[in-house]
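This report refers to the structure that appears directly beneath it.
Worth knowing before you read on, the calculation uses all heavy atoms, side chains too, and leaves out hydrogens, waters and symmetry mates. We count ligands from 1, going down the list as the structure has it; atoms in each ligand are counted the same way.
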Amino acid sequence: MSQAVPDGIRFADLSLSAPLLKALADVGYETPSPIQAACIPHLLAGKDLLGEAQTGTGKTAAFALPTLDLVDLKARKPQALVLAPTRELAIQVAEAFQKYAHHMKDFHVVPLYGGQSMVVQLRQLSRGAQIIVGTPGRVMDHLKRGSLVLDDLRMLVLDEADEMLRMGFIDDVEWILEHTPATRQTALFSATMPDVIRRVAHNHLRDPQEVKIKSATTTVSAIDQRALVVHGNQKLDALTRILEAEESLDAAIVFARTKIATDELAEKLEARGFAAAALNGDMTQGMRERVIAQLKSGQLDIVVATDVAARGIDVPRVSHVINYDIPYDTEAYVHRIGRTGRAGRQGSAILFVTPRERRMLSTIERATRQKIQPLTLPSLTDLTERRVGQFKQQVMDVLENEDLFFFNELVGQIRDEHDIKPHLIAGALAFIAQRERPLQLDPADWPEILDANRKDGPKRDHDKPRRENRDEILGRRRDVADGKLAQYRIEVGYQHGVTPKEIVGAIANEGGIPGKEIGQIHLFDDHSIVELPSNLSEGVLGKLQRTRVCGQAIRIRHEGNAPARPFKGKPGGKSFDKKGKREGFGDKGKGGDFKPRKPRSFDGPKNSGFDGPKKPKKK
Ligand code: ADP
Ligand code: MG
C-alpha cells in the first residue's frame, strides 16, 4: 500500500465512537484490515479519498465506519450517499451499515435500486434516513423527481467504481456528483484504477489521499485454485463428484454463463439431492434476496449464478466457487473467486475448462500470477470411502449425543423375540439408514469422467461404465471400414416390431459378444443388418443361428465387410444418424452424448442399456 499502516493497529486506536466499537465487537472483527486501517483516519479527518483494493479486503467497513461517525442521528435528512453498481451490492452495503450502527439509536439507512417498487422507496424516503445506498440509475430518478434531496449531504462514496464504469453507469455517476453539494467529502473505491476512473477522481475529488492495497496476494492467496479439463457433456458428472467429495465444502457458488444454464443446472443438482437454487437476472429482486438469505442460513448449500447476479455476494460460509463455465475474462474470474475466502476464511476455487478453452486457463494464470493446480477427481472408491466415513461419524455422534434408551430397548426386544445377534440387527438398521444415500455406489449413477487432456485415446478408470463419446463412436465406425467389424443379416425387422435394444440384448447375451463390439444396427422391414466383429467363431455363429428375437429365429448370416457408408441410398433400408437425418456416417454433430431418436436405425449398444447395469438416469 502506498502508506504504511503500523502493524498491530486496533479498532480502538482509530478514534471510532463507542457504539461502533461495540458493534465491531459484536460482529467479531478483531483488527482492522489494511484498507480499513489506512482509510478510516483520513475519512475521519474529513479528507477525500481514492482507495484501490481487491474484492474481499473489507472496503465496506473502511467507508461505512467513518461515515457512521459523522452522521447526526437527530437529523433525519440524508447526510451520506453511497453509490454501488448493483442491487445486491446496494443491499449488502445497506445491511453492513445497519450492522455497524446496531447501537446507534434512531439510525436509518435506505437502499434504492431498480426493480423495487417506487412506492416502497418513496415511503421509506419520506420517513427520513441519514444514509442512502443506491444504484446510480435509481438515485438519479429520485433526485430528478425530488423525492431525494441531498442539500445536507456531507459524504459521498462511490463503491466499486470500476464496476460502475464497466456497467455503463459512469455518466450517471458524474451527473449525481454534479448535483450534490460541492462541500461534500468524497471517497472513491475501486478494485482497479483505469484512466476513466482516475479522470472522474481528478474532476470530482479534492486533493484526495490515495490508498492502495497491493492486490492479488491478499485475496487470491487465501484461495486454493484448481482446474479440471473436461468435456462439456461431462461437466455435470464431474461437478457431482466434486460436490460429493470435497472435504472442506460448506456452501458453493457455481457460475454458469447464461440465465437458462443456471436454472437447468440448479434443477439437475436438486434432482441429485443437493440443496441448490439458481440466482439470475430473470428473478425478481425478492426471489434473489431470498436465495441469498437461504444460502446464508444454510437452507441452501449451492447457488448456481450468473456473473452479474452473484457480484458482490458476501456469504462467509461459501467455501467453494466453481466455475462451471469458464469466465469471459480474467477480471470476471477474480471477481468470481472473490466470493469465497471471505472474512479471513480459506476458500477453494475450481475451474472447468473444456479442451478448446485451455488458452483461457493460461491467460488467467498469467493475470493472477498464480499457478492453477490440476484437479484430481475423486474415484468411485474415494466417494464410497467418504460416504462410509461420514456414516460412521454420524453413528458415533448419535451414540455420544442422543438419548438412546428407548431404541436400545427396542433392539433388545428384536434380539430376544427372534434370537438374533445385535450386530446383525445393527446391520439391518444401517441398511435402512443408508437407503436415501447409499453407501454402495452404483457405477451406473457415477459415469466415468474422461481425461480430456489426453489425445491418445481416452483413459478409462476402472469405475465404469460410461457413455461412449463421439471419438469412440467414430473410431468404432472406422473399425467397420477397416474390416474389424463386418455386417451380418438377421431375419427380424421392423415389421416384427423389433427394436435395436432387443437385437443388441439378444446378441450380447446369447452370443456372449460385449456390447462395445457391436456396431451400428439398421432396421429394414423384414430383416436387419448388424455390425459385429468380422472374426466371429463358428460356435458363436451357431448359437446366434438359433437365437430368437420377437419370436423370429434370426438365422444370422454374414453379409460382407462393412463399407464406410454402407446403406446410403440402398432401397428399403432406413439409416439415420444421431439427429434422425438420413445419413449413415460422419455426422458432424457435436458432443458425444447421443440418444437414440428413432427406433429404426441405431447407433450402438451403449445407448441401448445393455452395456451394464445402467439404471435410468436421474435428471
Ligand atoms: P470488499 O468490499 O473489499 O469486497 P467487504 O467489505 O465486502 O469487502 O468485506 C469482505 C468480508 O470481510 C465481509 O464478510 C466482511 O464482513 C469481512 N470483514 C471486513 N472487515 C473485517 C475485519 N476487520 N475483520 C474481519 N472480517 C472483516
Ligand atoms: Mg465491496
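Using modelled atom types, one finds a donor on one side chain and an acceptor on the other under 3.5 Å when comparing Gln225 with Tyr333.
Any N or O atom pair closer than 3.5 Å counts here, and Asp314 shares at least one such pair with ligand 1. Ligand 1 has a nitrogen or oxygen under 3.5 angstrom from a nitrogen or oxygen of Gly58. Checked against a 3.5 angstrom limit, the closest N/O atoms of Gln36 and ligand 1 fall inside it.
Of all atoms in ligand 1, numbered sequentially from 1 with element shown, those under 4.0 Å from a heavy atom of Phe11 are 23 (N). The ligand atoms of ligand 1 that sit less than 4.0 angstrom from a heavy atom of Ser33 are 23 (N).
Residues that satisfy the ring-ring contact (aromatic ring centres under 6.0 Å, His included) test with His179, not counting sequence neighbours, are Trp175.
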Yes or no on ring-ring contact (aromatic ring centres under 6.0 Å, His included) for Phe189 and Phe63, after CA distance, side-chain angles and deciding distance? CA-CA 9 Å; Phe189 288 92; Phe63 62 78; 5.5 Å; yes
From CA spacing to verdict: side-chain contact (heavy atoms from CB on, under 4.5 Å), Glu88, Gln285: CA-CA 9 Å; Glu88 279 74 20; Gln285 185 57 29; 4.2 Å; yes
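The salt bridge (charged side-chain N to carboxylate O under 4.0 Å, His left out) pairs that include a residue from residues 33-49 are Asp48-Arg206, where partners are two or more places apart or lie in different chains.
Residue contacts with ligand 1 for Thr60 involve both N, CA, C or O and side-chain atoms from C-beta outward (heavy atoms, distance under 4.0 Å).
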